[in-house]
Visitor: 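Here's a structure for you.
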Amino acid sequence: MAHLRLRVQRTQRNTWKAVRMLFLSACFLLLTGVRVASAQCYTFSSGSAASLTVNITNLPAPSISSGIYSYSLDSGFTSSITVGQTTYTPSAYPSLILTVSSDSAIDFSAFDLTVGFISTDNSDVAASISVGWNGIVFPNGTLPATLPPIPGSFDPYMVMDVNGAQTSYTPDSVSGCSSSTLPPPPSFDSSGVVNGASFASGGIVPGEIATIFGTNLTVASGVNLTLGLPLVTSFLKGSVMVDGNPAPLFAIDSVNGEEQINFQVPWEVDGESTANLAVTLGDVTSSTIAVPVLAAQPGIFSYSSGGATFAVTLHANYQLADSAHPVTTGETVLIYCTGLGDVNSTPGDGVAATTGQTTVAIPTVTIGGVNAPVSFSGLAPDFVGLNQVNVQIPGGLVSGNQPVIISSGGVSSASVLLPVE
């Protein structure tokens with residue numbers, strides 16, 4: 001496959017706020033076996049002051065406890081929250097919790113829902129609704145196209161939360177709404193999560209440049225690079241979450257039917273054995289995929305010329321080392337890679353490195369099978385997630401293209417070439 005090589009760049013990051021979920025603590029009578037059969041679309045309103053719309057198109061299997069059926073969703077639904085004249089819709093990370101119960105023996109039904117998301121204007125928004133009806137049951141636990149009228153509901157309430165400011169409302173109506181078909185969610189598996197330089201799979205390394213290959217990752221076409229520093233965490237309605245941390249984004253691309261997201265692995269996964277990744281595009285989110293967290297997985301950035309693959313290596317004057325400008329014995333060159341792991345004075349996620357941020361573990365480098373002394377290993381200044389290794393070209397090398405390998409933590413990079421004079 002013609003994978004796109006990542007172009008390392010500088011970009012801007014939004015300051016993310018944690019999505020608060022208002023978990024309901026409704027008191028239910030202990031009810032017996034009920035089944036919620038169908039997903040539906042509802043709009044709850046408190047006059048013109050506030051409204052909550054949820055369109056659940058894919059209801060998962062519930063967890064069941066004492067006749068209460070609980071659903072937890074982070075995909076398979078859309079939602080909007082209106083407070084006053086402002087309507088909020090999700091740009092990323094929607095979550096929904098629904099509990100429902102119904103018992104014909106006591107003529108009682110209850111419906112409780114909480115939804116939260118980061119909106120398209122980057123607001124942290126959540127809403128909760130609780131309604132219950134005496135003398136009404138949902139036959140066989142099925143949710144009807146239209147819920148019973150709010151007048152007559154047992155202690156109905158609705159709470160809206162916008163950026164931490166909570167307001168309580170009394171809902172006065174609930175109606176059905178027009179259901180819409182959600183697009184297919186993003187899809188990828190652990191083998192599609194790779195080192196951004198070498199495309200080696202097997203896990204992710206804290207702070208590295210990584211790539212996700214999959215389907216339905218974007219509706220855009222071509223190569224789409226983010227701009228500015230720090231890196232943004234949402235781009236073209238797409239985002240990546242790594243163990244609950246928004247990942248800074250370099251690019252979201254779709255070329256010749258192949259889709260990829262280039263991102264920085266958040267430093268926060270350091271010390272974990274596995275991390276859970278999910279991709280959101282608009283209103284839909286992928287399944288969560290677990291991948292190992294590695295201490296190191298060196299990958300050397302490369303370019304192709306004449307059918308061969310060469311390491312991105314610069315002379316001390318920043319001239320690219322290529323066949324017209326080969327390296328010479330004794331000189332110090334700069335090799336660019338990613339995946340070398342922990343550094344001293346870790347920068348923030350998506351933040352450009354400064355000078356002197358060295359790797360905790362010093363890698364070994366061989367050129368033509370001969371050890372090349374390392375004088376510096378760390379983050380490349382002014383870039384995000386990019387490692388720079390300065391090495392001295394050893395003597396005794398045969399003239400021509402020689403293989404370069406970087407090893408750290410018992411893991412070696414793929415071999416690429418370096419022209420030697």
Visitor: I'd like to know if the side chain of Asp112 pairs up with that of Ser130 as donor and acceptor (distance under 3.5 Å, no hydrogens or angles considered).
Guide: yes
Visitor: Test of understanding: with side-chain contact (heavy atoms from CB on, under 4.5 Å), list the residues that count as partners of Ile289, not counting sequence neighbours.
Guide: Phe188, Ser190, Val291
Visitor: Under the 3.5 angstrom rule, does the side chain of Gln297 hit a backbone N or O of Gly339 as a donor-acceptor pair?
Guide: no
Visitor: For Asn276, does its backbone N or O pair with a side-chain atom of Thr288 as donor and acceptor, under 3.5 Å?
Guide: no
Visitor: Heavy atoms only: give me the nearest Ala353-Leu379 pair and the separation to one decimal.
Guide: CB-CB, 3.5 Å
Visitor: Does any non-hydrogen side-chain atom of Leu417 lie less than 4.5 Å from one of Thr309?
Guide: no
Visitor: Can you spot which of Ser408, Ser412, Ser407, Pro298 makes a side-chain contact (heavy atoms from CB on, under 4.5 Å) with Thr364?
Guide: Ser407
Visitor: Taking all atoms of both residues into account, what is the closest heavy-atom pair of Ala50 and Met160, and its distance?
Guide: CB-CE, 3.9 Å
Visitor: List the atom of Glu259, the atom of Asn216, and the distance in Å for their closest heavy-atom pair.
Guide: OE1-N, 2.9 Å
Visitor: Taking ring-ring contact (aromatic ring centres under 6.0 Å, His included) as the definition, give me every residue that meets it alongside Phe44, ordered by chain and number, with sequence neighbours left out.
Guide: Phe111
Visitor: Does any N or O in the side chain of Asn55 come within less than 3.5 Å of the main-chain N or O of Thr78, such that one atom is a donor and the other an acceptor?
Guide: no
Visitor: Taking all heavy atoms of Phe77 and all of Ser79, pick out the closest pair and write down the distance.
Guide: CE1-CB, 4.1 Å
Visitor: Is the backbone of Ala197 close enough, under 3.5 Å, to the side chain of Thr338 for a donor and an acceptor to pair up by distance?
Guide: no
Visitor: Do the side chain of Thr226 and the main chain of Phe250 share a donor and acceptor less than 3.5 angstrom apart?
Guide: yes
Visitor: Suppose we screen for side-chain contact (heavy atoms from CB on, under 4.5 Å). Which residues come up paired with Asn134, at least two apart in sequence or across chains?
Guide: Phe108, Phe154
Visitor: Side chains of Ser377 and Thr359: any donor to acceptor distance under 3.5 Å?
Guide: yes
Visitor: For Gly369, is there any backbone N or O sitting under 3.5 Å from a side-chain donor or acceptor partner on Gln402?
Guide: no
Visitor: Check Pro347 against Val343 and note the closest heavy-atom contact, atom names and distance.
Guide: CD-CG2, 4.1 Å
Visitor: Please enumerate all residues that pass ring-ring contact (aromatic ring centres under 6.0 Å, His included) together with Tyr336, with sequence neighbours excluded.
Guide: none
Visitor: So which atom in Pro292 and which in Gly202 form the shortest heavy-atom distance, rounded to 0.1 Å?
Guide: CG-O, 3.5 Å
Visitor: Could you check whether any side-chain N or O of Ser286 sits under 3.5 Å from a backbone N or O of Val279, counting only pairs where one atom can act as donor and the other as acceptor?
Guide: yes
Visitor: Can a donor-acceptor pair be found, under 3.5 Å and without considering hydrogens, that links the side chain of Ser46 to the backbone of Thr170?
Guide: yes
Visitor: Does Ala220 have any side-chain contact (heavy atoms from CB on, under 4.5 Å) partners at least two apart in sequence or in another chain, and if so, which?
Guide: Thr218, Asn224, Leu236
Visitor: Residues in side-chain contact (heavy atoms from CB on, under 4.5 Å) with Phe376, at least two apart?
Guide: Thr358, Gln388, Asn390
Visitor: Looking at Thr43 and Ser175, would you say the former's side chain and the latter's main chain have a donor-acceptor pair under 3.5 Å?
Guide: no
Visitor: Does Gly132 offer a backbone N or O that forms a donor-acceptor pair with the side chain of Ser153 under 3.5 Å?
Guide: yes
